[in-house]
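Just below is one structure, and these are the notes that go with it.
Below, chains carry the letters A, B, ... as their sequence lines are ordered, and counting in each starts from 1.
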Amino acid sequence: MHRLLLRVFNRLLEDFGEQHWWPTLSKNKRLEIIIGAILTQNTSWKQVEKAIRKLHERGLLNEKKLREIPEDELANLIRCTGYYKQKARKIKEFLKFKEQITRENLLSIWGIGKETADSILLYAYNKPVFVVDAYTKRIFERLGFGKMNYDELQKLFHDNLPKGVKLFKEYHALLVELGKNYCKKRNPLCGKCPLKDICKYRTK
DNA sequence: TACCAGGTCCTCG
DNA sequence: CGAGGACATGGT
């Protein structure tokens with residue numbers, strides 16, 4: 001079992017190479033990652049990039065500026081990411097937060113769920129927490145692990161991998177790459193998939 | 001046209 | 001707890 005997780009990782013790394021995540025453009029990487037983590041909720045990264053670029057151009061990747069801008073103006077700037085009113089509120093809620101950054105505290109913020117909290121911990125604060133997302137769930141279900149919820153899947157990784165920030169970042173990024181381009185929801189490219197000899201799932 | 005995208009909250013049983 | 005709906009724009 002432990003071996004399988006590493007085998008999947010090594011195979012993906014061989015095929016895709018290092019992913020250099022999380023992509024950012026500003027100096028304030030930490031804030032930018034947090035904003036990105038909120039904006040990408042159920043939304044393609046491409047749209048998030050557009051919105052982040054817009055914020056960056058206006059000097060808004062800055063806590064003070066973000067606090068000053070009215071919520072509805074912020075909402076308009078991030079419209080292309082969908083759920084834009086909710087997301088504007090989520091960003092504002094995060095900015096109000098003054099406690100120590102722990103998983104429990106992050107989860108107490110309105111709009112920050114498990115995946116967003118873990119993304120923030122791993123990518124913005126370099127804490128060794130495995131991020132589970134829709135791709136992870138789909139890929140491992142097809143690999144033959146059955147339907148697993150967030151906590152079960154995260155535990156699987158925590159229990160069976162060496163605990164390391166670098167490994168967790170890279171693994172998650174590689175799963176995203178696989179999920180986007182091969183292990184797609186609709187038309188998975190099983191014939192060309194790097195995991196085809198490991199995976200049970202097949203499409204006609 | 002319908003479905004999908006690096007989720008989360010709320011309500012109901 | 002888990003299921004189901006709401007949130008919403010843009011790409012294919």
If the cut-off is 4.0 Å, is [X] near the phosphate of [N], judged by side-chain N/O to OP1 or OP2?
X: A/Y84; N: C/dA8; result: no
X: A/T116; N: B/dT8; result: yes
X: A/R186; N: C/dG11; result: no

Describe the nucleic acid contact of [X] in one word from base, sugar-phosphate, nothing, applying a heavy-atom distance below 4.0 Å.
X: A/R89; value: nothing
X: A/K87; value: nothing
X: A/K50; value: sugar-phosphate
X: A/Q86; value: base
X: A/G113; value: sugar-phosphate
X: A/K85; value: sugar-phosphate
X: A/I78; value: nothing
X: A/I112; value: sugar-phosphate

Using the P atoms only, state how far B/dA2 lies from C/dA8, rounded to an integer number of Å. 22 Å
If each of A/N42 and A/K46 is mapped to the nucleotide of DNA chain C with the nearest heavy atom, which maps nearer the 5' terminus, i.e. the 5' end?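 It is A/N42, whose closest nucleotide lies nearer the 5' terminus.
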Toward the 5' end of DNA chain C, which comes first, A/N149 or A/T81, by nearest nucleotide?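 Whichever sits nearer the 5' end wins; that is A/N149.
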Do A/D151 and A/K114 sit within salt-bridge range, that is, some charged N less than 4.0 Å from a carboxylate O?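 A salt bridge is present here (some side-chain N lies under 4.0 Å from a carboxylate O).
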Among C/dA8, B/dG7, B/dC4, find the nucleotide with the atom closest to the side chain of A/K185.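 Nearest to the side chain of A/K185 among the choices is B/dC4.
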If you define the side chain from C-beta out and look only at heavy atoms, does anything of A/F168 sit under 4.5 Å from A/V131? no
Is there side-chain contact between A/F97 and A/I112, with heavy atoms separated by less than 4.5 Å? no
Roughly, in whole Å, what's the span from [atom1] in [X] to [atom2] in [N]?
X: A/I91; N: B/dT8; atom1: CD1; atom2: P; answer: 14 Å
X: A/R138; N: B/dC3; atom1: CZ; atom2: P; answer: 16 Å
X: A/N181; N: C/dT12; atom1: CG; atom2: P; answer: 13 Å
X: A/N187; N: C/dG11; atom1: CG; atom2: P; answer: 20 Å
X: A/I120; N: B/dT8; atom1: CD1; atom2: P; answer: 10 Å
X: A/R79; N: B/dA5; atom1: CZ; atom2: P; answer: 23 Å
X: A/D133; N: B/dC4; atom1: CG; atom2: P; answer: 17 Å
X: A/Q41; N: C/dA8; atom1: CD; atom2: C1'; answer: 13 Å

Under the criterion of centre distance below 5.5 Å and interplanar angle below 30°, is A/Y83 classified as stacked on the base of B/dG7?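 Stacked: centres under 5.5 Å apart, planes under 30°.
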Comparing A/W21 and A/I109 on DNA chain B - which has the more 5′ nearest nucleotide: A/W21
Any donor-acceptor pair under 3.5 Å linking the side chain of A/K185 with the backbone of A/K180? no
Side-chain donor-acceptor pair present, A/E14, A/N10, cut-off under 3.5 Å: no
Are A/Y182 and A/F16, when compared by the centres of their aromatic rings, separated by less than 6.0 Å? yes
